[in-house]
Participant: 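Just dropping this structure here.
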Amino acid sequence: MILGIETSCDETAAAVVTQDGAVLANVISSQAEVHAPYGGVVPEVASRRHLDLVVPVIEQALDEAGIGLRDLDAVAVTEGPGLIGALLVGLSAAKAIAFARGLPLVPVDHLHGHLAALYLQPQPLEPPFLALLASGGHTLVLEVTDHRGYRAIGGTLDDAAGEAFDKGARLLGLGYPGGAKLERLAAGGDPAAHAFPTGMSGKPGYDLSFSGLKTALRYALAREPDADHADLAASYQAAIVRSLVERTASAAVETGATTLAVVGGVARNGALRDAFAERCRKLGIRLALVAPELCTDNAAMIASAARYTDPIAFPGYLRRDAYATAS
Ligand code: KG4
Ligand code: ZN
């Protein structure tokens, strides 16, 4: 049994996953309300909040799984990328447990984690496949040939797709975190009301760009201050979705992929899920999506990735056997 810990940004998360990918517990404590008054994540505030939450969240995960520390076979933790102070809290907790119990410590790449959500039960996906990873920090088109990693063949040149959602939401006065709020507002609007640009459209390769779109929304708001916000949100969301679907679908066709997966926080978006489903059906490509709670940051995906990642050797001064025999 693997304990996973994730504290790279503003979610304090712990999970228990079995070696064959069954999720026994997946606890996520979001700090969204703590950061909302600031309009975004404040790194120092995030670190302090992780400190308060990390132990109770781990205890809750073990409780829900019905196990104790003695039942664990390994401890997995996000080592990056992320906010350095926030990462340190999860890493320190993981090191302490691994050291105290003499367990392997597995450092997990957060992006590999997002992909590894696909390898969990009940329907684990087998590579090879092509993946779009769209989150608040990253937007990448990835070729995945085995469980252990990925190769980026395209990515955003500026903002990540989730960042585009969050910045659009802020311009529309929706506050932070903005992705889900923008989606809710867009549900009542007309996606064809405004002709927002699709970054990098028609250009060779699989890179993406969202900064021009954000500027277009700013200008639209300045030009038409009374424009219906639901229409603006729907048109803005449609432009992000169009761009993600276009670029990823052409990558899938050109690389001959038969399966396409979409992961990361933005993969929670219903319009994006529907648009990918329709495009994949037309192309005869299989689409793999994970449950919404496994799209945004969580620790089950980190524990899952640990199954395909080598543990680290403790530095000498932390070696448990050396410590235990010191008199
Ligand atoms: O993967 P994630 O939890 O964290 C990072 O690794 O960045 O992704 C968070 C991002 C945020 O930008 C958030 O606005 C976006 O995912 N997001 C959404 C939705 N839910 C979360 N974007 C669009 N629609 C949603 N329903
Ligand atoms: Zn993430």
Side-chain angles (χ1 to χ4, degrees), residues 1-6 8 11 13-28 61 64-65 67 72-82 90 94 103-135 137-153 248 251-252 255 257-268 272-273 276-277 280 285-312:
M1 251 159 326
I2 306 166
L3 172 68
I5 301 173
E6 153 66 42
S8 66
E11 256 93 37
V16 179
V17 170
T18 62
Q19 205 48 249
D20 60 1
V23 182
L24 302 187
N26 188 24
V27 179
I28 304 165
E64 284 182 15
I67 63 162
L72 294 175
D73 301 302
V75 183
V77 61
T78 307
E79 65 161 349
L103 295 171
L105 177 69
V106 192
V108 172
D109 163 26
H110 184 83
L111 307 184
H112 185 209
H114 274 298
L115 283 176
L118 294 158
Y119 309 146
L120 288 164
Q121 303 281 3
Q123 283 178 304
L125 182 66
E126 284 295 316
F129 57 88
L130 192 90
L132 168 68
L133 192 170
S135 71
H138 296 87
T139 295
L140 292 164
V141 181
L142 304 171
E143 259 185 343
V144 181
T145 52
D146 63 57
H147 289 100
R148 295 183 66 84
Y150 53 83
R151 188 172 76 88
I153 59 169
T248 318
T255 61
T258 52
T259 303
L260 180 63
V262 188
V263 296
V266 179
R268 281 189 95 116
L272 185 72
R273 292 171 90 96
F276 266 111
C280 285
I285 292 176
R286 177 181 167 210
L287 176 65
L289 296 168
V290 291
E293 68 276 12
L294 293 172
C295 293
T296 30
D297 289 349
N298 65 86
M301 69 184 200
I302 301 303
S304 178
R307 298 180 295 146
Y308 312 103
T309 307
D310 296 328
I312 52 163

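Given the structure is predicted, the values throughout are model-derived calculations rather than measurements.
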Participant: Just wondering, do Thr145 and Pro127 contact through their side chains at under 4.5 Å, heavy atoms?
Facilitator: no
Participant: Is a donor on one side and an acceptor on the other found under 3.5 Å between the side chain of Glu6 and the backbone of Ser8?
Facilitator: yes
Participant: So which atom in Arg307 and which in Asp20 form the shortest heavy-atom distance, rounded to 0.1 Å?
Facilitator: NH1-C, 3.4 Å
Participant: Exactly one of Leu133, Leu272, Thr248 should register a side chain to side chain contact (heavy atoms under 4.5 Å, CB included) with Val262. Which one does?
Facilitator: Leu272
Participant: Measure the shortest side-chain to side-chain distance between Leu24 and Thr18 over non-hydrogen atoms and say whether it is less than 4.5 angstrom.
Facilitator: yes
Participant: Between Asp310 and Arg148 (salt bridge meaning N to carboxylate O under 4.0 Å), is one present in this structure?
Facilitator: yes
Participant: Indicate the atoms forming the closest heavy-atom contact of Ala14 with Ala61, along with that distance.
Facilitator: O-CB, 3.7 Å
Participant: Taking side chain as C-beta onward, heavy atoms only, is Leu260 less than 4.5 Å from Arg286?
Facilitator: no
Participant: Measuring from atom CD of Glu126 to atom OH of Tyr119, what distance do you get when rounded to the nearest 0.5 angstrom?
Facilitator: 9.0 Å
Participant: Under the rule for ring pair (Phe, Tyr, Trp, His ring centres under 6.0 Å), what residues qualify as partners of His110, not counting sequence neighbours?
Facilitator: His114
Participant: For residues Gly113 and Ile302, report the shortest heavy-atom separation together with the two atoms involved.
Facilitator: CA-CD1, 4.2 Å
Participant: In Å and rounded to the nearest 0.5 Å, what is the CG to CG distance from Leu132 to Leu140?
Facilitator: 8.5 Å
Participant: Heavy atoms only: give me the nearest Asn26-Glu293 pair and the separation to one decimal.
Facilitator: ND2-O, 4.4 Å
Participant: So Leu105 and Val77, do their side chains get closer than 4.5 Å, heavy atoms only?
Facilitator: yes
Participant: To the nearest 0.5 angstrom, please state how far the CD1 atom of Ile153 sits from the CG atom of Leu142.
Facilitator: 8.0 Å
Participant: Looking at every heavy atom in both Ala94 and Val75, which two are closest together, and how far apart are they?
Facilitator: CB-CG1, 3.7 Å
Participant: Is any side-chain heavy atom of Leu130 less than 4.5 Å from a side-chain heavy atom of Thr259?
Facilitator: no
Participant: Within the side chain of Arg151, is there an N or O that forms a donor-acceptor pair under 3.5 Å with the backbone of Glu143?
Facilitator: no
Participant: Which pair of heavy atoms, one from Val141 and one from Ala251, lies closest together, and at what distance?
Facilitator: CG1-CB, 3.9 Å
Participant: Apply side chain to side chain contact (heavy atoms under 4.5 Å, CB included) to Leu115 and Val144, showing your working.
Facilitator: CA-CA 9 Å; Leu115 283 176; Val144 181; 3.8 Å; yes
Participant: Please tell me if the side chains of Ile2 and Asp73 come closer than 4.5 Å, counting only heavy atoms from C-beta onward.
Facilitator: no
Participant: How would you list, by chain and number, every residue that makes a side-chain contact (heavy atoms from CB on, under 4.5 Å) with Arg268, sequence neighbours excluded?
Facilitator: Pro292, Cys295, Thr296
Participant: Applying ring pair (Phe, Tyr, Trp, His ring centres under 6.0 Å), name anything that partners Phe129, two or more places apart in sequence or on another chain.
Facilitator: none
Participant: Determine whether Glu79 and Val108 make a side-chain contact, defined as any pair of heavy atoms from C-beta on separated by less than 4.5 Å.
Facilitator: no
Participant: So, Ser304 side chain and Ala300 main chain: donor-acceptor pair closer than 3.5 Å or not?
Facilitator: no
Participant: So His147 and Tyr308, would you call those rings parallel, tilted or perpendicular, with 30° and 60° as cut-offs?
Facilitator: parallel
Participant: Applying side chain to side chain contact (heavy atoms under 4.5 Å, CB included), run through Ile312 and Val106 and close with a yes or a no.
Facilitator: CA-CA 6 Å; Ile312 52 163; Val106 192; over 6 Å; no
Participant: Below 4.5 Å, heavy atoms only, C-beta onward: do Val17 and Met1 meet side chain to side chain?
Facilitator: no
